[in-house]
Structures are given as structure tokens and as C-alpha cells.
Protein chains: 2
Amino acid sequence: MAHLGTSVEYGLHCLLWLAEPGAAAASSRDLAELQGVSPSFVAKIFPRLEKAGIVSATPGIHGGYRLAQPAAQISVLAVVDAIEGRKPLFECQEIRGRCALFKGRAPTWSTQGVCSIHAVMLRAEQRMRDELAGSSLADLAGTVARKAPAGLDGEVRVWLGDRLQARLKARSGDGPARSTGKRATEAGTRATRPRRREAP
Amino acid sequence: MAHLGTSVEYGLHCLLWLAEPGAAAASSRDLAELQGVSPSFVAKIFPRLEKAGIVSATPGIHGGYRLAQPAAQISVLAVVDAIEGRKPLFECQEIRGRCALFKGRAPTWSTQGVCSIHAVMLRAEQRMRDELAGSSLADLAGTVARKAPAGLDGEVRVWLGDRLQARLKARSGDGPARSTGKRATEAGTRATRPRRREAP
DNA sequence: ATAACGCGGACGGTATTCGTCCGTGTTCAA
DNA sequence: TTGAACACGGACGAATACCGTCCGCGTTAT
């Protein structure tokens, strides 16, 4: 992909479900399968969000993740930094000091301050970060709620609840023949997605 | 590196030399060795700048590149796009349509317009591009000229001129013994640079 | 005791990037 | 006319990053 990878996309989409007003804790697997996305991969994303204080985790069979702060206080920038780790837009290699005229010893004036090319890139990166810092999860959740029909959040809640119930029931009522046994996992995780590819 | 690769860094540094007020045409090899950078790699960058109309090329032994427009009309954004080819900051994979509740048939309201997450990223990318579009090669060249001692541009001009003369002379005066023969190429191109690496 | 959960590390396949090397056609100096 | 340097483009190789899976660990509720 490009500078912002699939991880942030998955992470943000998952967080949007958790940002619903009355959302309960949800496991990374359920969030992934709710969206038709690789559960293993989503499971790798959430620990980073937790270390950044964006979500809080509770272990155990009833466990899962919930937001650790109000959605209005979580900026998109915070999520991006938590997942991707502040990769800079541009890495200056200090070429100005390598000019052949200097014969190996770069004069001080040539390496003082920030390289002018680097400076433009830093300004551009900062502008990008400003925009990301200006949008919160609550803002995003608001725009999708404005498009979705009323009651969708409730549907999602029962979907998640049903999955939990099914998993618990499967444990209690597991006869020797597990004909309908793993019903909860539905048609399995066919989240493997073909690599993106251009038209030839 | 990060989203903006080494190619743009090399390209911009080379263009800054060409943006000097009285600069003559310079070959990609000379520009590269003037800055202690791989000549082969720089040679791969310039054809893209030419196709974008930023530089113009003249073949032949006296050939080289020169700016095709006044430096004040060439924006940093144009150079970046010419070299890297408009890679987006974010590639939306339309996850909103994959919600398990839809059972494979995504309703129209869910895929209408731009995904809200994608929209934030597009705004952020646009702000970044705005900043890059606001800086021209002339602006950059001005800030470096303000730091460098007067007369540096002249020194560079004679350095480039000397290399051309030396190459032409080497052809005329090549005796059977080439003792001092390849003096022009100096100590060769040891521009191979070790891969960037973090501290362990 | 079992099964699910979060956590973290190891692993593999693919795409991208940096950089080199080659071949082609063109222009100028000797 | 020969040769050298130029721009141009494609093939190639090594290193890296990313996506995604798999496994083992400790914890919690049934």
C-alpha cells in the first residue's frame, strides 16, 4: 500500500465499532469477522492500541477490548501513530555535506540548521498531521451514523452478543457428534484477500 | 525510507544545482559525483523529470540537462509527482461494504460517496500537497544561497567545466602508457552507501 | 479441566526500493 | 570515420517492509 498501511485502516474501522455509544467489550476476532477481515492480523494491531492507551483489554472468555477514553478525545493521528509508530514522511541523508568541493571536510555553514529540502518536507508532514489531529473517532462515527439507517448499532450489538452466546452454548451442549458444532464460526474465515493489482 | 524515497531527495538536490542563475547544462553523472551520490541511480531519475517537462535533455558529448522552466515555476510537488508518480497516502479497501450483517450484498447507502476514513486521509494528503505546491525550486535555492558564502556558485561552475575539459583532453593525449590517464574520474565512484540501520 | 481471551514472537510470501549493469541511438571532437 | 560521452530504457540483484499465519504463554470464566 502506501505510507499509511492496511493496519491503520483495519484499526480505525474496528475502533469505529467500539465508539458506538452503548458498545460492550468486543474481542479482536469478532471485530475482524464482523468486517470480513483477517482475525489474525487484527489481533496483531490491538496490543499497540492498548499500549498507547487508546483501548483497554480485559482477559478471559468474556474479555475483549473497549475504548479507554471518550471517542471525542481520540484523534485519528493518535491511532495512526500508535499503529505505525511515527514513520517520518522523509528521511534526510544530509547530502549537502557531501559536496565534492569540500574534499571530505564539510564546512560548518553547510551543515548548520535543517537542510532546506528537509525543511519543506517537515512542513508538509506537519500539515498532514495537523489535519489528522483535527479529526476524532467521534467525528468519524458521527458521519457514518448520519448515513446508516437508525437501529444498525442495535443490530450489530445483537450480532456480537449472539456470537458470544453461541460459543458458550457450544461448550455446554457438545455431544459426541459435532454435526452443527462449530456453527458459531459461520463459513469460516475466508478473509484471505487477493493482492491488489492494476489492469495490464 | 519512508513514503518519499531517496529518489526525490537526489532529484531535488540535483535540480538545485541546475537552478543556479547562470548554470550551464550538466550531465547526470557530473551532478551525481558533485554530491557524492550514485551516478547510475541519478541517471535513472532524470528521464522521469524530462517526461514531466521539468528538465530538457541534449544528447552528445557536450550534452546534459538543464531546467525546462524558470526555477520559480517549478514546485516541489511537481518534482515529487514526476519522480514518485502520485502514490496516494492511503488506499481505501472499501471495508464498509464487507460488514457481516449485509450477508454479501452491501446496501447502497453503505457504499455511497467516499468512506469517512478515506475522506480524512484525502484531506490530510491534500494539505501535504498544498504545502509542497507552495515551495518552488527558486525558493529553496534562495535559502541555500543565503547560507553559502558568495562565489560558491562560481566554484561549482569551474568544477563542472574542468571535468568536461579533462574528459576531452584525455581523449587527445592518451599515450600507450595510461599512467595518469583516468585522472578525470578522480578516486572513482565510491558512492556505494551502507544501508541505513538503527542502533540495536 | 477446558476453552476462549489477550499478548508476543517466529515465520513465509510478495511487493517495493535502491543500485548496478547492459544494450541502443545520437551528437560532437579528433 | 572512429571513438567517447551523452540520454534512454530494460533486466537484474540484494535488502527491506508489509501482510498475514501460526504457535506458545499466562489469565479468566464456565
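Each chain gets a letter, A, B and so on, in the order its sequence line appears, and its residues count up from 1. Everything numeric here is computed off the predicted structure, so don't read it as measured data.
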ask   = Does B:Ser38 put a side-chain nitrogen or oxygen below 4.0 Å from OP1 or OP2 of C:dG19?
value = no
message = OP1 or OP2 of D:dT30 versus the side-chain N and O atoms of A:Arg167: is any pair under 4.0 Å?
response = no
N/O (side chain, B:Tyr10) to phosphate O (OP1/OP2, C:dG19) under 4.0 Å = yes
request  = Round to a whole Å and report the spacing from CD1 of B:Ile45 to C1' of D:dA7.
outcome  = 15 Å
Produce the list of close N/O pairs, under 3.5 Å, pairing protein atoms with atoms of nucleotides 25-28 of chain D; give distances to one decimal.
none

task = Under 4.0 Å between any heavy atoms, over every strand shown, what does A:Ser40 touch: base, sugar-phosphate, or nothing? Just pick one.
result = base
ask   = Starting at CG of B:Leu31 and ending at P of D:dA7, how long is that distance when rounded to a whole Å?
value = 9 Å
Spacing between A:Gln93 atom CD and C:dT17 atom P, to the nearest angstrom = 15 Å
task = Give a yes/no answer on whether the side chain of B:Ser28 brings an N or O atom under 4.0 Å of OP1 or OP2 in D:dC6.
result = no
inquiry  = In this structure, how many angstroms lie between the P atom of C:dC18 and the CD1 atom of B:Ile83, rounded?
reply    = 11 Å
Validation row: B:Val120, A:Leu12 side chains within 4.5 angstrom (heavy atoms) = no
request  = Please check the phosphate of D:dC6 (OP1 and OP2 only) for any side-chain N or O of B:Arg29 closer than 4.0 Å.
outcome  = yes
ask   = Under 4.5 Å between any side-chain heavy atoms of B:Ile54 and B:Arg48, yes or no?
value = no
query = Does a nitrogen or oxygen in the side chain of A:Lys87 sit under 4.0 Å from OP1 or OP2 of D:dC18?
reply = yes
ask   = Atom CZ of B:Arg66 to atom C1' of D:dA7: distance rounded to whole Å?
value = 14 Å
inquiry  = The side chain of B:Phe41 is closest to which nucleotide in this list: C:dC5, C:dC7, C:dC18?
reply    = C:dC18
Distance in angstrom units between A:Lys44 NZ and D:dT21 P, rounded = 11 Å
message = Below the 4.0 Å mark, does D:dC19 have OP1 or OP2 next to a side-chain nitrogen or oxygen of A:Thr6?
response = yes
key: Separation of C:dT2 P from A:His62 NE2 (nearest whole Å)   = 20 Å
message = Could you check whether any side-chain heavy atom of A:Gln93 comes within less than 4.5 Å of a side-chain heavy atom of B:Thr6, counting everything from C-beta outward?
response = yes
Atom-to-atom span, CD of B:Glu50 to C1' of D:dC6 - whole angstrom = 12 Å
ask   = Hey, does A:Arg129 have a side-chain heavy atom less than 4.5 Å from the side chain of A:Asp81?
value = yes
ask   = Which comes earlier along DNA chain C counting from the 5' end, the contact point of A:Asp30 or that of A:Lys51, where each point is its nearest nucleotide?
value = A:Asp30
ask   = Hydrophobic clusters join Ile, Leu, Val, Met, Phe, Trp and Tyr when side-chain heavy atoms are under 4.5 Å apart, directly or via other members; which others share one with A:Leu122?
value = A:Val114
